[in-house]
Every structure is written in structure tokens, then in C-alpha cells.
Engineer: 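Below you will find the structure I want to go over with you.
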Amino acid sequence: MTPPLPSGPEVLSLFRSLLRVAHNFPDYNIREYIKRRTIDAFRQNRTLSDSLSISSAFSEGKSQLDVAKRQAVVYSLYAPPLKSVMELQNP
């Protein structure tokens, strides 16, 4: 028995949730890494056609979302006091 396939809106919701969680990281480098990794993973899995691989990729994405949420909390506790050079506004 194969697990049910995620619908298009469910996949899009997972993608948006991962990007939203990335914004919760106080460190610029980690925030950008999470965004880049999310976009790359979804692009890589865009061509999946086997229902088992689609379901496993979706469940892997959900587990990565849970990990990212936990890590965002931990990183916020130990946020560096200074902003990165990339985050400073030019006058």
C-alpha cells in the first residue's frame, strides 16, 4: 500500500512554510542557506513521477520543516549581538 500523494496546495504550503521559517533565523548566512537549500530541493524534486518517491520527498520536507523550526528557536537564543555586513543598510 502506497501512502497518499500530497496535493499541489499541500506541496506549495510546505514550500512557503520552509521559506517563512528561514526568515526566523537571526543569522544572515543561515537564513540564506535555508532559503537556497529549500529552493534547490524543490527544483530537484520537481521531476519526480513515482508516487512512492513523491510521498517520501514530501515527508522528508515535513521533517526538515520541523527541524528548521526547532533550530530557529535555538539560534534565536544565541543570536549574535551584531548584524552581518550583508544586513547593514547603505546610507
Side-chain angles (χ1 to χ4, degrees):
M1 185 169 131
T2 61
L5 284 176
S7 66
E10 286 177 322
V11 172
L12 187 59
S13 173
L14 176 62
F15 179 73
R16 288 179 178 165
S17 296
L18 283 163
L19 291 179
R20 276 191 211 106
V21 167
H23 287 288
N24 293 338
F25 282 88
D27 187 7
Y28 172 82
N29 293 320
I30 296 169
R31 187 170 53 242
E32 291 301 312
Y33 170 76
I34 300 246
K35 284 194 249 180
R36 208 172 43 248
R37 178 69 184 102
T38 299
I39 292 168
D40 290 345
F42 273 80
R43 282 184 183 153
Q44 180 183 2
N45 292 332
R46 177 177 24 188
T47 59
L48 294 178
S49 59
D50 179 29
S51 63
L52 184 60
S53 60
I54 292 171
S55 296
S56 68
F58 185 74
S59 63
E60 175 67 23
K62 288 178 81 170
S63 68
Q64 290 298 321
L65 176 63
D66 292 337
V67 169
K69 284 180 180 179
R70 287 193 304 270
Q71 288 299 318
V73 171
V74 171
Y75 273 93
S76 68
L77 294 174
Y78 302 103
L82 300 174
K83 288 191 171 199
S84 170
V85 174
M86 299 298 291
E87 295 175 308
L88 298 176
Q89 297 284 334
N90 288 334

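Basis for what follows: all heavy atoms, side chains included, without hydrogens, waters or symmetry-related copies.
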Engineer: Would a hydrophobic clustering, with Ile, Leu, Val, Met, Phe, Trp and Tyr connected at side-chain separations under 4.5 Å, put Phe42 with Ile54?
Structural biologist: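 No, separate clusters.
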
Engineer: Should Arg43 and Ile39 be marked as a side-chain contact (heavy atoms from CB on, under 4.5 Å) after you check the CA-CA gap, both sets of side-chain angles, and the distance that decides it?
Structural biologist: CA-CA 6 Å; Arg43 282 184 183 153; Ile39 292 168; 3.6 Å; yes

Engineer: Just how far is it from atom CD of Glu60 to atom CG of Leu14, taken to the nearest 0.5 Å?
Structural biologist: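 Output value for this atom pair is 10.5 Å.
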
Engineer: Are any of the side-chain heavy atoms of Lys62 and Asp66 separated by less than 4.5 Å?
Structural biologist: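 No; the side chains remain at least 4.5 Å from each other.
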
Engineer: Flag the pair Phe15 / Leu19 as yes when at least one side-chain heavy-atom distance between them is below 4.5 Å, and no otherwise.
Structural biologist: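 Result yes, sub-4.5 Å side-chain heavy-atom pair found.
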
Engineer: Which pair of heavy atoms, one from Ile34 and one from Leu18, lies closest together, and at what distance?
Structural biologist: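 Minimum heavy-atom contact is CG2-O, 4.3 Å.
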
Engineer: Would you mind reporting whether Ser55 and Ser59 have side-chain heavy atoms less than 4.5 Å apart?
Structural biologist: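 Counting from C-beta outward, Ser59 and Ser55 never come under 4.5 Å.
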
Engineer: Roughly how far, to the nearest 0.5 Å, is CG of Asp27 from OG of Ser76?
Structural biologist: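 Reported value, rounded in 0.5 Å steps: 12.0 Å.
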
Engineer: Quick check: are there more than 12 heavy atoms from other residues, nucleotides or ligands sitting under 6.0 Å from NZ of Lys35?
Structural biologist: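 Correct, the count exceeds 12.
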
Engineer: Do you know which two heavy atoms are closest between Asn24 and Ala72, and how far apart they sit?
Structural biologist: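 Scanning both residues, the minimum pair turns out to be CB-CB, 4.0 Å.
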
Engineer: Looking only at heavy atoms, what is the nearest atom pair of Phe25 and Arg31, with distance?
Structural biologist: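 Answer, listing the atom of Phe25 first, then Arg31: O-NH1, 2.7 Å.
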
Engineer: Going by side-chain contact (heavy atoms from CB on, under 4.5 Å), Phe58 matches just one of Pro6, Ser63, Ser53. Which one?
Structural biologist: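 Exactly one candidate clears the test, Pro6.
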
Engineer: Is there a continuous path of hydrophobic side-chain contacts, each under 4.5 Å between heavy atoms, that joins Val11 to Leu48?
Structural biologist: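 Each belongs to a different hydrophobic cluster.
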
Engineer: Counting distance only, does the side-chain N/O of Ser13 pair as donor-acceptor with the main-chain N or O of Pro9 below 3.5 Å?
Structural biologist: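 Checked: no pair found.
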
Engineer: In Å, rounded to the nearest 0.5 Å, how long is the span from OG1 of Thr38 to CZ of Arg20?
Structural biologist: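 Between atom OG1 of Thr38 and atom CZ of Arg20 there are 12.5 Å.
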
Engineer: About how many Å separate CD1 of Ile30 and OH of Tyr75, when rounded to the nearest 0.5 Å?
Structural biologist: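 CD1 of Ile30 is found 3.5 Å from OH of Tyr75.
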
